[in-house]
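Before any comments, here is the structure.
Lettering of chains follows the sequences in order, A, B, ..., and the numbering in each one begins at 1.
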Protein chains: 2
Amino acid sequence: MLNTKNTPSIRQLQLFSTLVEHQSISKVAELLHISQPSVSIQLKKMAEQLETELYTISGRKVFITEAGQAVYRAIQSIDTTFSNLQIELNAFKGLQAGTLKIAVDSTAQYLISKVLSPFCHRYPKIDVQLTINNRQTMVKRLKSNEDDFYILSNSPAGVDVIQMPFITNSLVVVANKKHELTRQPHISLNRLQHYPFILREQGSGTRQHIERFCKSHNIKLIERMTIQSNEAIKQFVAENIGLGILSHHTLNQGESSDLVVLDVDNFPINSQWYIMRRTERKLTLLASTFDDYMQNEWQLKS
Amino acid sequence: MLNTKNTPSIRQLQLFSTLVEHQSISKVAELLHISQPSVSIQLKKMAEQLETELYTISGRKVFITEAGQAVYRAIQSIDTTFSNLQIELNAFKGLQAGTLKIAVDSTAQYLISKVLSPFCHRYPKIDVQLTINNRQTMVKRLKSNEDDFYILSNSPAGVDVIQMPFITNSLVVVANKKHELTRQPHISLNRLQHYPFILREQGSGTRQHIERFCKSHNIKLIERMTIQSNEAIKQFVAENIGLGILSHHTLNQGESSDLVVLDVDNFPINSQWYIMRRTERKLTLLASTFDDYMQNEWQLKS
DNA sequence: TAGTTGTATAAATAAAAATCTATACATTTA
DNA sequence: TAAATGTATAGATTTTTATTTATACAACTA
């Protein structure tokens with residue numbers, strides 16, 4: 001930790017560096033528009049604090065001692081540190097304004113805050129315009145190039161995107177904790193076909209995964225209800241209206257709910273969340289900073 | 001030149017760096033034994049001056065922004081600069097005391113000040129004990145190991161020394177400006193044998209050179225006077241009592257004298273001044289610093 | 001040697017930076 | 001919801017730093 005005692009003030013450093021450069025106390029005074037005694041006194045104090053002679057005066061000439069030269073070099077080093085800092089800070093100032101537009105598949109809404117909140121703390125002046133909706137809507141927005149970034153579980157056909165694997169998405173079967181399947185191990189897919197389900201609507205990413213899964217495993221689920229919200233599904237499942245298939249991110253939201261994850265064969269359905277952007281969309285400074293952030297801190301290590 | 005405006009004070013840097021390290025304003029206050037509002041205010045001021053948010057406070061947690069991280073890195077750099085400076089200065093403090101003992105052949109006394117004065121200005125606290133005498137005395141002192149350094153025109157036999165060529169010593173023939181040899185070109189050595197000379201005493205370096213020179217050129221000079229001082233010789237020569245043979249360093253001491261250098265064949269007698277020290281003598285810190293100085297700034301480039 | 005130039009010291013003052021107390025506000029925890 | 005914890009603001013005060021004027025001194029320069 002920086003030591004304040006025995007450390008000359010910034011002003012004193014300035015005076016001394018000017019002295020070294022002009023070898024004259026009165027010249028320093030003139031250049032900095034202050035009186036000669038002021039310079040005299042400050043420099044003397046500084047040398048006293050450092051307990052070292054930094055210069056000598058012989059007649060009317062100023063000689064910088066070796067110790068003084070060392071101090072001068074240190075000042076120059078500090079000077080460049082400050083200059084570089086200024087340049088860095090100016091770069092950050094470019095990030096103090098601007099809006100980052102991100103569109104998120106609603107199933108991913110539970111994790112977006114984890115991702116976004118560190119970024120927002122680091123760049124507190126930025127605005128984020130967040131659009132949360134189902135996959136179909138995301139794809140529409142992606143095609144009409146409305147946002148900087150999209151978070152989807154896989155990339156749609158027909159659009160050039162740059163994508164980065166992000167976080168693993170696991171779809172699990174949930175039930176009320178009093179449901180008969182609870183605590184049963186290795187439930188077969190076939191048995192599932194006899195229970196009613198509450199599912200997300202057509203066009204949602206979750207629904208898409210489920211349908212693909214059912215097709216490939218050759219099963220058909222009973223669909224008692226279709227709801228556009230994961231949260232609502234959880235409530236109906238909790239009231240034992242039926243089973244649900246949800247991303248595990250939507251669960252364990254802290255509240256000790258009545259929901260239980262079932263141990264079904266071939267589950268969870270694993271897929272990947274991707275963050276993507278259109279190849280031809282020009283990155284704003286802010287967007288590019290966000291891109292760096294995602295790559296450095298969220299890129300999935302395979 | 002260091003910019004005082006928009007530059008945070010050293011104290012503010014200290015506060016901020018402590019903040020980064022402990023992520024809490026009240027913790028900083030506690031650690032530095034000041035009140036919490038004081039820290040709050042100073043940090044706020046600092047951020048205002050830099051026109052950048054360095055941290056944000058959310059609830060009771062402190063988050064350092066990216067800009068803040070940059071500032072922190074800068075502070076660390078400044079910190080190490082100061083630490084290194086302290087170490088350097090402490091090394092110089094070792095040189096604030098101590099006596100440097102130097103013995104100089106009196107013929108070289110005219111140049112010793114040129115050599116010594118920059119050194120003394122750079123290390124103003126040191127003492128120099130200077131012995132000026134003729135060569136014989138120098139050699140005696142060298143043998144009894146009395147001084148750190150010796151300046152002689154060549155090394156004596158029988159003592160282990162480390163020597164460094166230094167400055168060229170040219171012995172020239174001088175006369176009063178009204179002397180008949182003045183303005184004559186190419187005076188032969190033979191003609192010199194008919195004029196009386198005023199010379200340095202036996203045992204002086206100059207005398208040694210002259211004798212060696214006469215021997216090798218097979219001439220003999222008329223010796224009217226022997227004097228132990230170059231300055232005195234100059235006065236007698238100026239009064240036209242005789243010719244003199246002196247180091248050119250002893251001349252052109254500013255005063256527009258009555259002395260003229262004669263254009264004698266085989267003159268000047270060139271030889272070398274050496275600075276030397278006994279091999280087995282242990283160097284004090286001060287002596288070693290002087291040694292470095294001589295090597296870096298006075299070593300004769302051949 | 002007188003005048004000029006450059007630096008040092010003293011004493012007073014000004015400006016600035018840093019601090020405190022008291023209080024209010026906000027968030028988290030019990 | 002009350003208590004605890006952490007931060008912000010206001011206003012007054014203290015401390016430190018910086019500066020000034022006036023004067024003295026010292027060393028060059030003409």
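Taking the six-membered ring for Trp and thresholds of 30 and 60 degrees, Phe166(B) and Trp298(B) have ring planes more than 60 degrees apart, a perpendicular arrangement. Taking the six-membered ring for Trp and thresholds of 30 and 60 degrees, Phe119(A) and Tyr293(A) have ring planes inclined between 30 and 60 degrees apart.
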**Message:** Counting primed atoms plus P, OP1 and OP2 as sugar-phosphate and everything else as base, spell out the protein contacts along nucleotides 17-29 of chain C at 4.0 Å heavy-atom distance: B, S or - for each nucleotide, 5' to 3'.
**Reply:** -BBBBB----BB-
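Using a 4.0 Å heavy-atom criterion, one finds that Lys44(A) contacts the sugar-phosphate atoms exclusively.
Ser77(A) approaches Thr81(B) most closely through the heavy-atom pair OG-OG1, 3.2 Å.
First and last contacts of DNA chain D with chain B, using any nucleotide atom under 4.0 Å from a protein heavy atom and ordered 5' to 3', fall at dA4(D) to dT9(D).
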**Request:** Kindly indicate, with the supporting measurements, whether the criterion ring pair (Phe, Tyr, Trp, His ring centres under 6.0 Å) is fulfilled by Phe290(A) and Phe149(A).
**Result:** CA-CA 9 Å; Phe290(A) 183 70; Phe149(A) 295 95; 5.1 Å; yes
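In summary, Glu53(B) and Lys93(A) do not engage in a salt bridge, as defined by a charged side-chain N under 4.0 Å from a carboxylate O. Remark: Lys234(B) does not engage Glu239(B) in a salt bridge, criterion side-chain N to carboxylate O under 4.0 Å.
The side-chain hydrogen bond (donor to acceptor under 3.5 Å, both in side chains) test applied to Thr289(B) returns no partner, not counting sequence neighbours.
Inter-residue side-chain proximity for Thr7(A) and Gln49(A) is flagged as unmet; no heavy-atom pair is nearer than 4.5 Å.
Here the P atom of nucleotide dG6(C) and the CZ atom of Phe63(A) are 15 Å apart, to the nearest Å.
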